[in-house]
Amino acid sequence: METHILRKAGQHGLPLGRTHRFADLTADLQERIIEAVGARAQGRPVLAFVDSPPRWTLLTTREVTCQDKGQLLVVGIRDLASVSNDSQPPQGASPEEIGRWKGSWEYLGVVNRSGGRGALWVPCGGEAYALWNILLPYTRADR
């Protein structure tokens with residue numbers, strides 16, 4: 001599973017910018033993330049999307065976890081029902097403005113199979129689209 005995630009990430013140009021292989025993070029940041037996730041963490045940490053120590057998203061071989069605004073969201077990747085952009089373009093935006101907006105949003109909306117909803121923070125632009133594309137096949141898998 002880890003190899004599959006890293007291959008898909010590589011196809012989308014990751015790691016890049018604020019996206020890192022978890023193993024490449026500083027020991028201090030790894031410890032802070034693992035401490036925040038706690039003992040209930042499942043899977044091997046693979047990719048970390050990091051804005052700052054209190055704001056990040058971690059993709060493991062079994063789940064995606066986001067810490068943002070003091071809240072922790074954990075979703076099993078095999079439990080994903082949908083993944084989408086979690087914001088809307090401004091009302092009355094021109095096609096040019098919509099194009100700029102598409103490169104600036106920072107949240108993926110996720111819904112699990114039991115209807116639970118949440119938002120994952122992601123770096124804007126290509127990194128956001130890359131995570132979306134890594135997670136999307138799990139929403140289509142037959143259960």
Checklist outcome for this item: Test side-chain hydrogen bond (donor to acceptor under 3.5 Å, both in side chains), reference Tyr107, set Asp86, Asp68, Asn85, output is Asp68

Item to check | Single-linkage hydrophobic cluster Leu108~Val46, side-chain heavy atoms < 4.5 angstrom | outcome: yes

Checklist outcome for this item: Scanning both residues in full, the closest heavy-atom pair of Ala23 with Gln30 reads O-NE2, 3.3 Å

Checklist entry - If every non-hydrogen atom of Val111 is compared with every non-hydrogen atom of Arg117, which pair is closest and at what distance? => result CG2-NH1, 3.2 Å

Checklist entry - Could you give the distance from OG1 (Thr57) to CG (Leu73), rounded to the nearest 0.5 Å? => result 8.5 Å

Item to check | Single-linkage hydrophobic cluster, 4.5 Å side-chain cutoff, Ile134 and Phe22 together | outcome: no

Item to check | Shortest non-hydrogen contact between Ile5 and Leu47, atoms and distance | outcome: CG2-CD1, 4.1 Å

Checklist entry - Would you find a donor on one side and an acceptor on the other, under 3.5 Å apart, between the side chain of Glu63 and the backbone of Gln42? => result yes

Next on the checklist: When you group the ILVMFWY residues by side-chain heavy-atom contacts below 4.5 Å and let the links chain together, are Ile33 and Trp121 in the same group?
Outcome noted: no

Item to check | Value rounded to 0.5 Å, distance of NE2 in His4 from CG in Leu6 | outcome: 10.5 Å

Checklist outcome for this item: So CD1 of Ile77 and CG of Asn112: to nearest 0.5 Å the spacing works out to 13.5 Å

Checklist entry - Is it true that Val50 and Leu16 fall in one hydrophobic cluster, defined by side-chain heavy atoms closer than 4.5 Å? => result no

Checklist entry - Can you tell me how far the OH atom of Tyr138 sits from the CG atom of Leu80, to the nearest 0.5 Å? => result 9.5 Å

Checklist outcome for this item: CG (Leu135) and OG (Ser82) are apart, to the nearest 0.5 Å, by 11.0 Å

Checklist entry - Taking the side chain as C-beta and beyond, is there a heavy-atom pair between Glu106 and Arg55 under 4.5 Å? => result yes

Checklist entry - So which pairs with a foot in residues 16-25 pass side-chain hydrogen bond (donor to acceptor under 3.5 Å, both in side chains), sequence neighbours left out? => result Arg18-Asp51, Thr19-Glu127

Next on the checklist: Would you say Leu14 ends up clustered with Trp56 if hydrophobic residues are merged whenever their side chains have heavy atoms under 4.5 Å apart, either directly or through other cluster members?
Outcome noted: no

Checklist entry - What distance separates His12 NE2 from Asn133 CG, expressed to the nearest 0.5 Å? => result 4.5 Å

Checklist entry - Are any of the side-chain heavy atoms of Ile34 and Pro45 separated by less than 4.5 Å? => result yes

Item to check | Leu72 versus Ala36, closest heavy-atom pair with distance | outcome: CD2-O, 3.4 Å

Checklist entry - Closest approach of Pro53 and Leu29, non-hydrogen atoms and distance? => result CA-CD1, 4.2 Å

Checklist outcome for this item: Closest non-hydrogen atoms of Ser84 and Trp132, given as atom of the first, atom of the second and distance, are CA-CZ2, 3.7 Å

